[in-house]
Undergrad: 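To start, I am sharing the structure in question, which I have written as structure tokens.
Just so you know, these numbers come straight off a predicted model, no measurement behind them.
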Amino acid sequence: MAGLLRRVRRLADMSQRELAAAAGVSRDRLGRAETGRGDLGVGELSRIVSLARLRLVLLDAQGAEVTPMSPATVRDRGGRHFPAHLDTRHGDEGWWYGPHRYTRGQPDFTFDRDRRTRDSWRRQQGTADDHHQQRPGDSVAERVAARRWAALRREQERREAVWRVRLAAGDLGDPDWGTGCTCPPGCEYAEGSNEHLGHAPACACGCDVA
């Protein structure tokens with residue numbers, strides 16, 4: 001500390017009295033710290049080094065700078081940051097409130113209260129540098145809708161694959177998918193895709209799609 005303060009004064013070209021006045025620190029406290037007989041708070045030291053156009057940083061074992069946690073990370077329903085040492089996750093991932101808390105709605109984000117669960121399961125995938133930040137699609141309702149849409153797409157892809165196999169085998173004369181029709185892909189009703197319930201040009205069935 002003593003040597004660093006002297007370095008700061010040399011770079012800032014200030015006397016001890018001038019530096020103390022500019023940083024809002026008493027000259028006595030600065031003098032004691034510079035001679036190794038006292039200490040300074042982090043805020044005081046940060047103001048002092050800034051006068052020499054320096055800044056305080058934290059370095060890890062490899063010498064890389066450690067940055068602060070982002071102030072824009074998600075917060076709980078009370079507007080508070082989640083505990084820094086815990087990992088945030090989406091509220092629909094293993095929601096830990098049981099039936100006795102049925103009046104509590106699922107939050108968009110929560111965390112694992114049990115460290116053993118966190119360490120033995122989630123952190124095997126690695127530890128995130130920071131907590132989540134809210135993005136479009138992060139709400140519980142939006143995630144439910146996205147999963148449903150993905151399930152519909154997977155089912156449509158499965159049906160298309162079955163149809164292609166049957167087409168290659170020349171096996172389109174039998175009822176398909178248990179509906180009694182042999183419509184190819186493009187005829188199935190899909191919201192936002194073919195809401196007019198039209199049929200694909202190659203459709204030999206032409207049945208009404210409900």
Undergrad: Name all residues meeting the side chain to side chain contact (heavy atoms under 4.5 Å, CB included) criterion together with Thr73; count only those two or more places apart in sequence or in a different chain, and write none if there are none.
TA: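 Thr73 satisfies side chain to side chain contact (heavy atoms under 4.5 Å, CB included) with Ser70, His81, Asp130, His131, Gln133 only.
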
Undergrad: Might you work through the salt bridge (charged side-chain N to carboxylate O under 4.0 Å, His left out) test for Glu155 and Arg158, ending with a clear yes or no?
TA: CA-CA 5 Å; Glu155 177 61 17; Arg158 184 192 69 79; 2.7 Å; yes

Undergrad: Suppose clustering is done on Ile, Leu, Val, Met, Phe, Trp and Tyr with side-chain heavy atoms closer than 4.5 Å. Which residues sit in the same group as Val144?
TA: Val140

Undergrad: Once salt bridge (Lys or Arg N to Asp or Glu O under 4.0 Å) is applied, do any residues pair with Asp138, and if so which ones, sequence neighbours excluded?
TA: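 Scan of Asp138 (salt bridge (Lys or Arg N to Asp or Glu O under 4.0 Å), adjacent residues dropped) gives none.
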
Undergrad: In the hydrophobic clustering (ILVMFWY, side-chain contacts below 4.5 Å, transitive), which residues join Leu19, or is it alone?
TA: Met1, Leu5, Val8, Leu11, Met14, Val25, Leu30, Leu40, Val42, Leu45, Ile48, Val49, Leu51, Leu54, Leu56

Undergrad: Can you pull the salt bridge (Lys or Arg N to Asp or Glu O under 4.0 Å) pairs that have at least one residue in residues 35-44, sequence neighbours excluded?
TA: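 Non-adjacent pairs meeting salt bridge (Lys or Arg N to Asp or Glu O under 4.0 Å): Arg29-Glu44.
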
Undergrad: Sequence neighbours excluded, which residues qualify as side chain to side chain contact (heavy atoms under 4.5 Å, CB included) partners of His132?
TA: Val74, Thr88, His90, Phe109

Undergrad: Identify, with sequence neighbours excluded, every residue that meets side chain to side chain contact (heavy atoms under 4.5 Å, CB included) alongside Glu65.
TA: Arg55, Val57, Leu59

Undergrad: Name all residues meeting the salt bridge (Lys or Arg N to Asp or Glu O under 4.0 Å) criterion together with Arg75; count only those two or more places apart in sequence or in a different chain, and write none if there are none.
TA: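 Applying salt bridge (Lys or Arg N to Asp or Glu O under 4.0 Å) to Arg75 gives none.
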
Undergrad: Can you tell me if Gln156 and Arg159 form a side-chain donor-acceptor pair at under 3.5 Å?
TA: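 Not at all, the side chains of Gln156 and Arg159 share no donor-acceptor pair under 3.5 Å.
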
Undergrad: Can you list the residues that meet the salt bridge (Lys or Arg N to Asp or Glu O under 4.0 Å) rule with Arg9, with sequence neighbours excluded?
TA: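 For Arg9, the residues satisfying salt bridge (Lys or Arg N to Asp or Glu O under 4.0 Å) (neighbours in sequence not counted) are Glu34.
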
Undergrad: May I ask you to check whether over 12 heavy atoms, not counting those of Arg6, lie within 6.0 Å of atom CZ?
TA: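 Not more than 12 within 6.0 Å, no.
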
Undergrad: Could you pull out all residues at least two apart from Glu142 that satisfy salt bridge (Lys or Arg N to Asp or Glu O under 4.0 Å)?
TA: none

Undergrad: Can you list the residues that meet the side chain to side chain contact (heavy atoms under 4.5 Å, CB included) rule with Leu58, with sequence neighbours excluded?
TA: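 Side chain to side chain contact (heavy atoms under 4.5 Å, CB included) list for Leu58, sorted by chain: Val66.
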
Undergrad: Any pair with a residue in residues 36-80 that passes ring-ring contact (aromatic ring centres under 6.0 Å, His included), sequence neighbours left out, goes on the list, sorted by first then second residue, please.
TA: none

